[in-house]
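Written out below as structure tokens is the structure these notes cover.
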Amino acid sequence: MAGLTSLRSTRVPFLTKPKPSPLHHRPNNFSMNPNPGAGNRFPVTSIKAQQAEASTVNKEDELKAKDWEVRMLQEEVAASQGIRIRRRPPTGPPVHYVGPFEFRIQNEGNTPRNILEEIVWNKDVEVSQMKQRKPLSSLKKSLENAPPTRDFVGALREANHRTGFPGLIAEVKKASPSRGILREDFDPVEIAKAYEKGGAACLSVLTDEKYFKGSFENLEAIRNAGVKCPLLCKEFVVDAWQIFYARVKGADAILLIAAVLPDLDIKYMTKICKMLGLTALVEVHDEREMDRVLAIEGVELIGINNRNLETFEVDISNTKKLLEGERGQLICQKDIIVVGESGLFTPDDIAYVQEAGVKAVLVGESIVKQSDPGKGISGLFGKDISLVNTTKVIAMSQDNAAAHGTSIPFLTFIDMLGFECGVSSQTILKS
Ligand SMILES: O=P(O)(O)OC[C@@H](O)[C@@H](O)c1c[nH]c2ccccc12
């Protein structure tokens with residue numbers, strides 16, 4: 001029985017060079033009930049009842065066929081946009097049960113081609129189970145008790161302005177498929193508080209359990225611990241239900257990955273985010289994805305991932321490549337904030353992506369690994385970027401007041417990073 005492999009002992013390796021997929025075979029044997037009366041020597045059901053049963057079965061089969069056709073069409077649309085990730089295994093789940101044994105019938109249609117595809121297939125199953133436990137209708141009710149959302153983009157802009165560095169989104173990350181466990185003594189709330197104290201503008205919390213050892217409990221705990229930095233829910237979104245769930249669990253922003261989601265999904269999901277008061281961080285990795293996302297109205301935050309999620313290769317020059325020329329100009333015109341993501345370890349790395357045009361960075365590994373993740377931030381920027389002691393008064397003069405068209409004395413501040421700003425003494429007295 002070639003091709004049948006026991007799942008208990010075998011993990012199917014990724015195909016390094018995907019063969020072109022013969023786009024999906026339509027299942028031709030939707031399970032028709034072959035003989036409804038079989039087993040009864042003297043069938044007791046009336047002919048009418050049998051006809052009714054047969055017509056229900058037909059309807060179910062028709063629905064299954066329609067559903068299958070819609071899915072195949074969606075896959076084709078996605079492929080036409082250059083999306084290589086298939087949302088579900090085209091030939092159905094690989095596991096089959098024969099008596100007490102599990103078997104995997106291995107073929108190209110049920111074997112993920114890379115880790116991102118594996119995560120997405122797994123997420124699809126996970127979400128459909130979660131949806132059964134908490135349907136959208138009940139999630140919508142829970143929205144009433146959700147904490148208010150905070151301004152994610154505003155916090156990044158403010159930090160960029162205040163420090164002169166890209167605003168930092170610091171990631172609460174225990175592990176990843178490419179780097180394994182990053183930190184053994186992992187207390188998400190403690191790490192979040194240390195990041196906030198160290199000057200992070202926003203935090204990113206991984207919620208995927210299977211591959212990143214994260215959780216929605218972590219997100220909820222950080223939110224409930226009174227951390228003020230806005231929170232990004234770092235998920236693999238394949239269904240709008242997840243956006244509602246993230247909002248209920250206290251997220252202020254959520255990740256949408258262009259390598260996974262076709263344009264229509266991104267449009268629809270960014271609208272849902274707006275409706276819920278969430279910011280969408282739309283992540284791209286190559287020029288094609290960037291162009292697709294730039295053509296979508298209403299996107300205000302784009303992340304450029306320096307890590308290829310299919311191969312794990314990291315190259316920070318990817319950020320520069322995607323911001324060069326007309327793309328960079330369009331981004332400026334549209335006033336979009338760009339986040340440089342992944343593989344940033346040193347002040348030189350930060351300077352490099354800042355020079356390329358980012359106003360924010362997303363960093364995990366290099367800071368989460370430090371015994372004090374807050375101090376890790378100072379190491380990353382080569383400076384203390386925390387709020388404390390960033391300003392000192394250097395002058396207060398009536399001349400200044402005249403320059404501002406008022407007789408109220410003005411205070412001139414210079415912060416530790418060399419930024420000068422003036423505030424009227426009346427403002428200070430009031431606060
Ligand atoms: O740990 P790093 O290399 O600093 O990377 C952080 C973040 O960019 C990375 O975790 C990430 C970026 N996009 C993602 C999408 C899914 C999971 C993880 C990610």
Side-chain angles (χ1 to χ4, degrees), residues 85 114-123 126 156 166-183 186 188 191-192 195 198 200-216 218-219 231-238 242 246 251 253-261 266 280-286 289-290 293 301-319 322 338-350 352-353 358 360-370 373 376-377 379-381:
I85 300 300
N114 54 56
I115 184 70
L116 181 56
E117 195 164 78
E118 180 181 324
I119 295 173
V120 165
W121 289 4
N122 188 71
K123 193 56 70 182
E126 192 183 297
L156 292 175
L168 172 66
I169 308 171
E171 188 152 277
V172 181
K173 182 179 194 180
K174 175 162 183 168
S176 76
S178 61
R179 313 293 286 162
I181 300 277
L182 297 171
R183 190 183 177 101
F186 188 81
I191 295 170
Y195 282 157
C202 299
L203 307 183
S204 160
V205 184
L206 276 150
T207 48
D208 176 77
E209 293 191 20
K210 185 162 179 193
Y211 299 92
F212 290 85
K213 304 213 176 304
S215 70
F216 277 97
N218 290 355
L219 179 71
L231 306 179
L232 170 74
C233 171
K234 195 60 145 358
E235 245 308 336
F236 294 85
V237 173
V238 291
Q242 293 165 279
I254 191 157
L255 184 74
L256 302 176
I257 303 177
V260 172
L261 301 168
I266 298 180
L281 170 59
V282 187
E283 180 177 295
V284 302
H285 176 68
D286 60 25
E289 288 170 11
M290 178 64 104
V293 172
L301 190 62
I302 296 182
I304 299 180
N305 199 350
N306 297 315
R307 180 177 290 114
N308 179 331
L309 291 174
E310 296 176 23
T311 62
F312 292 144
E313 270 163 36
V314 181
D315 178 2
I316 67 166
S317 71
N318 196 44
T319 296
L322 267 58
V338 176
V339 186
E341 300 179 357
S342 306
L344 304 171
F345 287 85
T346 64
D348 281 351
D349 292 343
I350 299 292
Y352 177 81
V353 290
V358 308
V361 287
L362 172 51
V363 183
E365 178 173 348
S366 69
I367 48 177
V368 83
K369 273 182 155 177
Q370 308 305 318
I377 295 178
L380 174 69
F381 286 87

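Both ligands and their constituent atoms are indexed starting at 1 by order of listing. Residues: numbered from 1 along the sequence shown.
- Taking every heavy atom of K173 and a limit of under 4.0 angstrom, the matching atoms of ligand 1 come to 1 (O), 2 (P), 5 (O), 6 (C), 9 (C), 10 (O).
- At a 3.5 angstrom cut-off on N or O pairs, G343 counts as close to ligand 1.
- Of the protein's non-hydrogen atoms, the one nearest atom 17 (C) of ligand 1 is F212 CZ, 3.5 Å.
- The closest approach between any non-hydrogen atom of R179 and ligand 1 is not below 4.0 Å.
- Of all the atoms in ligand 1, the ones that sit under 4.0 Å from a non-hydrogen atom of V363 are 4 (O).
- If you number the atoms of ligand 1 from 1 as listed, the ones under 4.0 Å from a heavy atom of E365 come out as 1 (O), 2 (P), 4 (O).
- Against a heavy-atom cut-off of under 4.0 Å, E341 is close to the following atoms of ligand 1: 8 (O), 12 (C), 13 (N).
- Contact detail for L362 and L344: the closest heavy-atom pair is O-CD1, 4.4 Å.
- Nearest protein heavy-atom contact of atom 16 (C) of ligand 1 is F236 CZ, 3.3 Å.
- Ligand 1 lies nowhere less than 4.0 angstrom from a heavy atom belonging to F345.
- For atom 6 (C) of ligand 1, the nearest protein heavy atom (residue, atom name, distance) is E171 OE2, 3.5 Å.
- In this structure, L344 has no heavy atom closer than 4.0 Å to ligand 1.
- A donor-acceptor contact shorter than 3.5 Å is absent between the side chain of E126 and the backbone of N122.
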Problem - Pair V361-I169, side chain to side chain contact (heavy atoms under 4.5 Å, CB included): steps then yes or no - result: CA-CA 6 Å; V361 287; I169 308 171; over 6 Å; no
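- In D208, neither the side chain nor the backbone holds a heavy atom less than 4.0 Å from any atom of ligand 1.
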Test log, rule side chain to side chain contact (heavy atoms under 4.5 Å, CB included), inputs K174 and I181 | CA-CA 6 Å; K174 175 162 183 168; I181 300 277; 4.2 Å; yes
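- In terms of protein heavy atoms, atom 4 (O) of ligand 1 is closest to G364 N, 2.8 Å.
- Within the 4.0 Å heavy-atom cutoff, L182 does not count among the residues contacting ligand 1.
- A side-chain N or O of D315 and one of S317 form a donor-acceptor pair less than 3.5 Å apart.
- When all heavy atoms are compared, the tightest approach of I377 to Y195 is CD1-O, 3.5 Å.
- The closest approach between S366 and ligand 1 stays at or above 4.0 Å for every heavy atom of the residue.
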N306 and T319: side chain to side chain contact (heavy atoms under 4.5 Å, CB included), yes or no, with the steps? CA-CA 6 Å; N306 297 315; T319 296; 2.7 Å; yes
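- Here CD of E310 is found 4.5 Å from CD1 of I85. Values are rounded to the nearest 0.5 Å.
- Heavy-atom minimum distance, V120 versus V238: CG1-CG1, 4.0 Å.
- The nearest protein atom to atom 13 (N) of ligand 1, hydrogens excluded, is given as E283 OE1, 2.7 Å; this is a heavy-atom distance.
- Pairing each heavy atom of K234 with each of L206, the nearest pair is CG-CD2, 3.4 Å.
- When each of F212, W121, Y211 is tested with F236 by the rule ring pair (Phe, Tyr, Trp, His ring centres under 6.0 Å), just one qualifies, namely F212.
- With respect to atom 8 (O) of ligand 1, the closest heavy atom belonging to the protein is S342 OG, 2.7 Å.
- The one candidate from N305, L309, L281 that meets the side-chain contact (heavy atoms from CB on, under 4.5 Å) condition with I257 is L309.
- When each atom of ligand 1 is checked for a heavy atom of L255 under 4.0 Å away, the hits are 15 (C).
- When only non-hydrogen protein atoms are considered, atom 18 (C) of ligand 1 lies nearest to K234 NZ, 3.4 Å.
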